[in-house]
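Here is the structure we will look at.
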Amino acid sequence: MSSRTSISTDEWERRLEEVQVTKDDLNRLVMDYLVIEGYKSAAEEFSQEASVMPAVDFESIESRMNIREALQRGDVQDAITRVNDLNPEILDTNPALYFHLQQQKLIEFIRQGKIAEALDFAQQELAPRGEESPEFLSELERTMALLAFESSPSVPSAISDLLSPAQRIKTAGEVNAAILESLSQGKEAKLVAMLKLLCWGESLLGERADFPKVDLSDGLGVGRGQGGEV
Amino acid sequence: MARTNHPIPPACGIYYFEIEVLSKGQKAHISIGFTTSDARLNKLPGWEKNSWGYHGDDGFSFAAEKTGTTYGPTFGAGDIIGAGVDFSQNRAFFTKNGVHLGMVFEHIAEGVQVYPSVGLRHPNEGVRVNFGHTAFKFDIDDHVQQQRDAVWAGIQRTRIDWRVLDAKRSSAPSGSIDATAFGEIHDAGNRDTDMVDAKADEEGRDEASRLVLSYLVHHGYAKTAEALEAQLARAARARNSEDASNALPVPPPAAPPADSELDDADSPMAAPESEPQPETKALTKRLAIVDAVRRGDIDDALDGLRTRFPSVLARDDLLVQLKLRCRKFVELVNAAAEMKRRADFERDLDLGGAGKADEHGGEGAAGVDVAAMDVDDVPAPSSPSAQSKSAAEGALRTAIAYGKALRADYRHDLRPEVQGCLDKSFGVVAYHFPMDAGGEVGRWAGQEARDVLAGEVNQAILESQGFPARPALERVYRQTAASLVQLGFLGVGAAVFADVQRELLDT
């Protein structure tokens, strides 16, 4: 389209009004978020307060969260055991996921300074897998490079990421997605999908038209720390 | 050449039609495809500017060209040929006897409207066109589903620009995103990108949780909000301690114990959110008022509003106050009805089961009988049932008196919503047990109307405090849906496949 369209605020407000969505719809969106993100007690309260039922039972949220927490505190073995308790097929059918868990375990050994264990574990468990795939091998090499440095300031940035919380979160996220998939749930909260859709849509539309962007500055943190007399 | 009378709306996403070749030869001199309204009708689709076609005699595809390009097999007698436009890519495709022959042409229907077209050269050739009124040979639904999934997967590779939630973000989008959503935005093999993603996701998790939290608080789901805040705070603390341990303690144990205060101070993640903000009085009060309305305790709600949010009652020229007072009237009538029900029940007990209690249960039509019995069988005034009965009558008198005063107060306010609210509320009096009545009356007397009013009061309080009437989450949804609708208007076919309703709401 050659010419840019311009949409006035009034017109846009009218369009927003026309969008069909109910509180029930949004409640389900919120429930999906609470379940996928693993906020079990909030999900339980919400099912009471808003009368929305989640698609999975609350217990499965809890076991999924226990696994995520184990990974975030660095207890990889506990996480692996729990995943297998939940459903052994998850790791059996997903070699990349299993490799990343083993890699995380190696990282935790190194973080704790257990050099002998780290070497032992790398040789016994990870080296054979490095032979299976070039991607595994390069990851293994990158991880082993951590052993060359004594303290964190001297670790080059190319590999220091491996020691960051983001690495744990990334591995935990991968496991979480695999478990959700095994429960036939979306890997990602629909609310997050919506935000991606918003970014995609607004960006595309921004190339073709001038229109009011959503302004949430006064909407987030509603009622918190701002209340008071009128 | 034959062309349809109406152009294809790009908002359909994928357009498809089929022809059945009725001529004799194995290689029919027929072209199927698409043309604009200015393409001449005496040329086969594909030869002219702004026309695209697939020819039966040689199997070539033609896009405004005389020679054509090798594309598919030839077609002729008895073959069923399909032609489709995929507006998400601005490309076309053809099918032969139910088999997809591949995507072809670029920039078809970009900025121009196209029409389904069929061209024949010889007088003894004929086609039967199917615009979907009978089943297609090719499984177009499945094809559409696959395209839809592909577009959605592409969209979901979009990295969230978290400034989308920030009012101060620039109006011009940074960079451009592949309009077809087929581009590989995300290189899965790149660990660095992944790491950035993981960090961005974490950041995003905070933003998304703020969105949810504000939604919960807005609608007064207090316990859920509390539980979520507690879990978020715990997660934030966990992250802080991780940050503190984000070091290579070689040899272990490196960090001295019991220095958590120091660690927190040093940690960049020691965000204020690690301590949940105590809910403010305004929030607690608002929720208490909304809850009172939901319970039907209107006096409590009115008291709360008068002391805490007096401006709310005055809103819209006292409309909120009127609605609450009407509700109070309905609640008084409900209460009187309940007392009467009890009185009837006790009287039936007094009469030793002479009348069946459930005979009086809720049917307005039974009212005449009940009234007649009341006259005939007046129990002794001292009996408990008589006391209940007079109490019930007293309650009804109180209710009516309240209603009369209410009507008098608003007799000069002729706004339709005001008089409508009064009429509906007075209509309730005609029923013995309004809560049990069906239809409009039952809804107006019962819990449903309480919940609706509670929502309105909640919104009015929020607005009076300068908060938007809608929670941010809802505005995000509306903005998303409206943006996609607008993209559809502008002919961006990919937007049509991004069905918000289907992807986000349907279960």
Side-chain angles (χ1 to χ4, degrees), chain A residues 1-2 5 15-16 19 21 25-26 29-30 33 39 41-42 45-46 49-50 72 111-113 149-152 161 163-166 169-170 190-209 213-225 227-228 230, chain B residues 111 155-156 158 160-161 164-165 167 173 176-177 179 195 198-199 202 208 210 212 214-215 217-218 221 223-224 227-228 231 238-239 242-243 246-252 277 280 282-283 309 311 464 467-468 472-484 486-487 490-491 498 504-505:
Chain A
M1 295 283 152
S2 46
T5 311
R15 302 276 189 84
L16 294 182
V19 172
V21 63
D25 290 335
L26 295 171
L29 210 55
V30 166
Y33 171 84
Y39 299 117
S41 54
E45 294 288 0
F46 197 56
E49 284 188 308
Q72 291 190 349
R111 194 200 305 275
Q112 292 161 21
F149 303 92
E150 293 249 318
S151 64
S152 52
D161 275 348
L163 292 168
S164 74
I169 288 164
K170 188 182 157 297
K190 287 177 179 173
L191 186 123
V192 176
M194 171 170 78
L195 292 171
K196 287 182 177 174
L197 189 57
L198 177 66
C199 287
W200 181 82
E202 277 201 339
S203 164
L204 267 188
L205 191 52
E207 292 167 15
R208 293 163 174 77
K213 301 280 175 89
V214 61
D215 177 7
L216 301 173
S217 54
D218 52 352
L220 291 170
V222 58
R224 302 174 64 226
V230 179
Chain B
I155 291 170
Q156 289 306 308
T158 307
I160 301 183
D161 176 1
V164 76
L165 299 179
S176 87
I177 295 177
M195 200 55 78
K199 278 175 189 156
E202 194 57 19
R210 272 170 66 211
V212 169
S214 73
Y215 177 85
V217 171
H218 183 109
Y221 297 125
K223 285 181 184 160
T224 312
L228 180 58
Q231 279 176 295
R239 248 178 296 153
E242 266 167 40
D243 261 24
N246 177 22
L248 263 184
V250 183
Q277 296 269 336
T280 63
L283 170 61
F309 312 105
S311 75
S464 79
F467 293 115
L473 179 65
E474 180 170 348
R475 281 183 293 149
V476 166
Y477 181 87
R478 286 179 184 276
Q479 181 80 6
T480 308
S483 298
L484 293 174
Q486 182 61 32
L487 283 171
L490 293 174
L504 300 179
L505 300 185

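Letters A, B, ... are given to chains in the order of the sequence lines, protein chains preceding strands, and every chain is numbered from 1.
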Could you look at A:Val30 and say if it's the side chain, the backbone, both or neither that has a heavy atom under 4.5 Å from chain B? side chain
If I measure from the heavy atoms of chain B, does A:Leu26 come under 4.5 Å with its side chain, its backbone, both, or neither? both
B:Leu228 versus chain A, heavy atoms under 4.5 Å apart: side chain, backbone, both or neither? both
Below 30° counts as parallel, above 60° as perpendicular, anything between as tilted: where do the rings of A:Phe46 and B:Tyr221 land? perpendicular
Compare all side-chain heavy atoms of B:Gln486 with those of A:Thr5 and state whether any distance is below 4.5 angstrom. yes
Side-chain contact test, heavy atoms from C-beta onward, threshold under 4.5 Å: evaluate it for A:Arg15 versus A:Val19 and give yes or no. no
What part of A:Leu197 gets closer than 4.5 Å to chain B, counting heavy atoms only: side chain, backbone, both or neither? both
On a heavy-atom basis, the closest approach of B:Thr224 and A:Ala42 is CG2-O, 3.3 Å
